[in-house]
Every structure is written in structure tokens, then in C-alpha cells.
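Taking it in order: structure first as C-alpha cells, then the write-up.
These figures come from a predicted structure and were not determined experimentally. Atoms considered below: every heavy atom in the structure, side chains included; atoms not considered: hydrogens, waters and symmetry mates. Proteins come first, then strands; the chains are lettered A, B, ... in the order of their sequence lines, and each starts at number 1.
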Amino acid sequence: PVEQAIHDEL
Amino acid sequence: MNIFRLAGDMTHLASVLVLLLKIHTIKSCAGISLKTQELYALVFASRYLDIFTHYVSFYNTVMKLIFLGSAFSIVWYIRRHKLVRRSYDKDHDTFRHYFIVLPCLILALLIHEKFTFRVVMWTFSLYLEAVAILPQLVLLQRTRNIDNLTGQYVFLLGAYRALYILNWVYRYFTEPHYVHWITWISGLIQTLLYADFFYYYFQSWKNNVKLELPA
């Protein structure tokens, strides 16, 4: 999940 | 992508454009803190480490390139451009970088979701972004003479953060398991730092007088 957050918001 | 996130990104983009307009067209960086701009360059450099290795969407990649490119070019303008740098208020912009960068780095090493280089750097960028506006706010308070574009620039930056909070609230209720305490708390602190500025911004707007922060 943390990797997901890294990727999808700016 | 929800409407709050899009509005937040567009507000962020608008803030950068307002600042570039001031610097590029008027050739002035009066009232702008170089320290804050350098901190933003560091924020984006440490956050977008994955820009060429992990593709999310065309939108994300373009926005990342814009924020990185604009952050570094603004720093370049203030430091190197012979007209722009003349208007830089060096004597009032005295905030020390390491007072901000070092605590953020230590905090990121201590509090993070996962101990990997990328996640720690990303967390560092969140903490740093939360407080990167401080030198700018201090400069505004010291010079007491805030021109229109500078006032709008800071207002748009604050609005962008407030919209991101609405985006997180929306995502929390619409996406399963969307919980990011570190992002939320640092984002909330970042937005609260603007509270004072917002108050005086709206006062000046309501009473139609020039924006001025009390000493």
C-alpha cells in the first residue's frame, strides 16, 4: 500500500 | 482521481505559474524566499525518485516533470539570472536550511511505513514539504510589503494543501484500506501553517486593502 501511495499522488 | 485531487493539483500548478510569471515576465523575485524554493526543489527531487522507473499515468509523469523542472528553474533564476537576482531580498531571507532539513531527515529515519531507501526518501519529502513554507512566511512577515503576485502565490499553495486534505477524506470513504497516517498528519500540519496567512489574506480581500502581515 505504501508503494501505491508513493506512485499515485503527487 | 477525484475532483478534490484534480483541483488541488491544478491549484498547485497555478501557484507555480504565478511565480514563474512574476520571475520570468517581471524579472523580479521580490518577496520570494530562495530558501523555500530550494527546499521545494529538494522535496520534489526526493519524492519523485521513481519518475523514470515506475509508470503510473501520462498525467502523473507530466505533472512530476513540471514540478521538478519548475522548482529547479526557479532556484536557478533567483541564484543566477542577472536581473532577477538583483531583486532578491537576501538580508531578510535568513532562515537556515539545516534547521529544517536535518530534523525532517531524522524524523523520516525514525518514523516511516517501511524501511527502504525509496520509502524513507518519500517520507522525508512529506515532512520537508510540510515545513518548507516557513522561510517564505517569515520573509513575508519581515518585509511587510507583499505584492499581489506574491500574495496570490502563497494563497494558491495553501489552497492546494487544503484541497489535498479533502481528497484524502474522499478517498478514505470511497477506497477500502486507504489509511496513510504519515501523509495525513504532515499534510494537516502543512495546511495549519497557512491558517494565519489565510486569515489576513481574506481580511485584506474583504476590506479591499493591501495585504499586510502584522509583525
Side-chain angles (χ1 to χ4, degrees), chain A, chain B residues 1-2 4-6 8-13 16 43-44 46-51 53-57 59-68 112-126 129 160-161 163-165 167-168 171 175-184 187:
Chain A
V2 65
E3 274 82 2
Q4 190 58 39
I6 288 177
H7 295 318
D8 80 353
E9 283 184 353
L10 291 167
Chain B
M1 173 85 77
N2 59 65
F4 304 113
R5 158 83 196 280
L6 183 66
D9 286 349
M10 290 305 119
T11 316
H12 190 188
L13 192 62
V16 171
V43 163
F44 296 127
S46 47
R47 185 173 305 167
Y48 301 151
L49 285 171
D50 62 342
I51 184 167
T53 52
H54 290 82
Y55 180 78
V56 185
S57 64
Y59 173 85
N60 263 36
T61 306
V62 169
M63 293 297 269
K64 285 175 180 179
L65 285 172
I66 291 174
F67 291 141
L68 271 171
H112 44 252
E113 279 189 49
K114 202 170 161 187
F115 193 65
T116 64
F117 178 70
R118 266 203 21 249
V119 173
V120 170
M121 288 307 280
W122 177 72
T123 313
F124 165 67
S125 83
L126 291 176
E129 191 190 358
Y160 139 64
R161 294 315 307 182
L163 286 162
Y164 251 68
I165 290 179
N167 155 54
W168 295 327
R171 290 188 75 171
E175 290 174 35
H177 316 298
Y178 186 76
V179 180
H180 293 287
W181 287 112
I182 292 175
T183 317
W184 295 348

Contact part of B:Val56 toward chain A, heavy-atom cut-off under 4.5 Å: side chain, backbone, both or neither?
side chain
Applying a strict 4.5 Å limit to non-hydrogen atoms, the region of B:Asp50 in contact with chain A is side chain
If I measure from the heavy atoms of chain A, does B:Lys64 come under 4.5 Å with its side chain, its backbone, both, or neither?
both
The criterion is salt bridge (charged side-chain N to carboxylate O under 4.0 Å, His left out); which residues satisfy it with A:Glu9, sequence neighbours excluded?
B:Arg171
Considering residues at least two apart in sequence or located in another chain, which fulfil the side-chain contact (heavy atoms from CB on, under 4.5 Å) criterion with B:His12?
B:Ser15, B:Val16, B:Phe44, B:Phe67, B:Leu157, B:Tyr160
If you look at every heavy atom in A:Asp8 and B:Asn60, which pair is closest and at what distance?
O-ND2, 3.5 Å
Quick check on the interface: out of B:Trp122, B:Tyr48, B:Tyr55, who has the most heavy-atom pairs with chain A under 4.5 Å?
B:Trp122
Considering only heavy atoms, which portion of B:Tyr164 lies under 4.5 Å from any heavy atom of chain A: side chain, backbone, both, or neither?
side chain
For a quick test of reading the model, state the closest non-hydrogen atom pair linking B:Tyr59 to A:Leu10 and the distance between them.
CE2-CD1, 4.2 Å
